[in-house]
Amino acid sequence: MYVCGPTVYDLPHLGHGRFTLVWDVARRWFTFRGLEVTFVSNITDIDDNIINRALREGSTETEVAATYEDEWWKAMAAIGVARPTTVPHATQYVEEMVTLISSFLEQDIAYVTSDGLYFDVSRVPDYGLLAGQPLDSLRAGARIEAHDEKRSPLDFALWKFAKPNEPSWPAPFGAGRPGWHTECVVMSLGLLGDGFDLHCGGFDLKFPHHENERAQSVAAGRPFAQHWGHNGWVMVGDQKMSKSLGNFTSLTDLLSKTDARAYRLLVLRSHYRSPIEVSPATIADAERGLARLDALARRFSLPSLAGESLVGPAAATFRGEAAQLVARVSESLDDDLNTPLAVAELFEALSAANSLADGGQKDDAEELAIAVAVLFGALGLRLEGEVSDVDEAAAALVSARDQARAAREWAEADRLRDELVALGWTVEDGPTGTIIRR
Ligand SMILES: [Zn+2]
């Protein structure tokens, strides 16, 4: 899968947090279901915003891009978004972009104006397919730029000729830099190949960005993405969260005020195609849900699942109600990633586990609680119970004991249990390994 990544010229905002969480959840779910996922997401490290910031701050484009790419990965780590398999940088693919643009120029699919090269969208018969609107209405809706050299207002820039004091790359048709739409089509096809499975991004990218990527692929005679995924945006009040509207609140800012897991739970509670509202009220509501999950983890001393690594196929060993939960949640998520339904099912199961435990059905309760933790773990949400209070020494003993048991070294496992007991821990053998409590 290919997910359009950020242009690194500022701190990531809440919308960035949402799209990365949504596609991280999709990736984790595919992996949990046994698919092998190659996840490519780019960094746009050259564009007008980066150039303008460098000019304003008296630094260089490279410095601006490096600074904000660093901020980007810090925020991603904080919200538990797994690193992409590959992270192409636009500036590393300029040569390939020049080759593609040259071929368009030779076929008169691209044409030259005084400020750059443009793509002639009339050369792609089904242009507008993603937007789902006829070409005429798109043309009428296209912003009329102060540019009378374009054949159609829908034609888009493939290449911008070099301006003084701006970074540029050599090209047979004149030095300059690539247009944004050309970056993604070259990097996605280059890294994932023709007809790759899934191309994702926010709804705002559907048109024109994704339409224009697709148009170039079609014009180059190469099959493009088989499926598309577009996530809804973030609302604050009734306004779309974006920098241009001036309601910019950085993701970094939010993460300094709340448990990062609350944002993931908030995102999971909405369908990925619906808008979400981020406000003190919706965050507080997510925090209350999180508190219930953590209380479950404490009550059953659940192991902390879903760390940094992606969880692979598991959960086949559950029985009874736990197995039914896994089946129901899988059905919901396999149906266009219906996370709100899955989360509702998981919270119902949480209540059921508590009721079973209250009624003395300890084993059934524990198995259901573990299934809840495993499934939230599959979505990248880690429950934090007592286990997170375990100090390093005890954690090391637990891990050594689990290894000893896996190797059937029972005497060593018993010795490690005694060592834990001597340190004041109660030791039990749970379905997923050693469980310790104070
Ligand atoms: Zn893109």
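As the structure is a prediction and not an experimental result, all values here were calculated from the model. The figures here come from the full heavy-atom set of this structure, side chains too, leaving out hydrogens, waters and symmetry mates.
Under the 6.0 Å cut-off for aromatic ring centres, Y9 and Y68 do not qualify, their centroids lying 6.0 Å or more apart. Y2 and F39 have their aromatic ring centers separated by at least 6.0 angstrom.
Proximity of L192 to T86: side-chain heavy atoms (C-beta onward) are nowhere separated by under 4.5 Å. Looking at W169 and V98, their side chains never come closer than 4.5 Å, going by heavy atoms from C-beta outward. Side-chain contact check for P340 versus L268: every heavy-atom pair is 4.5 Å or farther apart. By the 4.5 Å heavy-atom criterion applied to side chains, Y93 and P88 are counted as neighbours. Counting heavy atoms from C-beta on, the side chains of L205 and W228 never come closer than 4.5 Å. Between T113 and Y118 the shortest side-chain heavy-atom distance falls below 4.5 Å. Side-chain contact between Y263 and T258: absent, with no pair of heavy atoms (C-beta onward) separated by less than 4.5 Å. Residues R27 and T85 meet the side-chain proximity criterion, which asks for heavy atoms closer than 4.5 Å.
Within 6.0 Å of CD on Q226 lie more than 12 heavy atoms contributed by other residues, nucleotides or ligands. The number of heavy-atom neighbours closer than 6.0 Å to CD of E95, taken from other residues, nucleotides and ligands shown, is 12 or below. More than 12 heavy atoms of other residues, nucleotides or ligands shown are found within 6.0 angstrom of CG on D126. For E331, the CD atom is loosely surrounded, since the number of other residues' heavy atoms within 6.0 Å does not exceed 12.
If you run ring-ring contact (aromatic ring centres under 6.0 Å, His included) between H230 and each of H210, H199, H271, only H210 comes through.
The main-chain N or O of R319 is found under 3.5 Å from a side-chain atom of E367 such that the two form a donor-acceptor pair. At distances below 3.5 Å, at least one donor-acceptor pair connects side-chain atoms of E211 with backbone N or O atoms of L129. Side-chain atoms of H89 do not come within 3.5 Å of backbone N or O of T91 as any donor-acceptor pair. Looking at Q216, its side chain does come within 3.5 Å of a backbone N or O of H181 through a donor-acceptor pair. With R264 contributing its side chain and G380 its backbone, the two residues share a donor-acceptor pair below 3.5 Å. D402 contributes no side-chain N or O that, together with a main-chain N or O of S399, makes up a donor-acceptor pair within less than 3.5 Å. With S217 contributing its side chain and E213 its backbone, the two residues share no donor-acceptor pair below 3.5 Å. Under a 3.5 Å cut-off, the side chain of D197 and the backbone N or O of M1 do not form any donor-acceptor pair. Remark: the backbone N or O of D108 is paired with a side-chain donor or acceptor of R123 at under 3.5 angstrom. A side-chain donor-acceptor contact under 3.5 Å links E149 to the backbone of S114.
A salt bridge does not link E166 to K160: none of the charged side-chain nitrogens sits closer than 4.0 Å to a carboxylate oxygen. We find that D285 and R288 are joined by a salt bridge, their nearest charged nitrogen and carboxylate oxygen being less than 4.0 Å apart. Looking at D48 and R177, a side-chain N of the basic residue comes within less than 4.0 Å of a carboxylate O on the acidic one, giving a salt bridge. R28 has a carboxylate O that lies under 4.0 Å from a charged side-chain N of D24, or vice versa, which qualifies the two as a salt bridge.
Listed here is the closest heavy atom pair of R214 and F224: CA-CD2, 3.8 Å. Closest non-hydrogen pair, P178 versus M97, comes out as CB-SD, 3.4 Å. Of all heavy-atom pairs spanning L290 and A262, the tightest one is CD2-N, 3.6 Å. Shortest non-hydrogen contact noted between P167 and I46 is CG-CD1, 3.4 Å.
Side-chain contact check for E183 and T44: at least one donor-acceptor pair (N or O, by modelled atom type) lies under 3.5 Å. N231 and W23 form a side-chain donor-acceptor contact under 3.5 Å, judged by distance and modelled atom types alone. Counted by atom type alone, N354 and R299 present one or more donor-acceptor pairs between their side chains at under 3.5 Å. Checking S351 against R292 by side-chain atom types alone, a donor-acceptor pair falls below 3.5 Å. Looking only at atom types and distance, the side chain of Y127 has a donor-acceptor partner in the side chain of N212 under 3.5 Å away.
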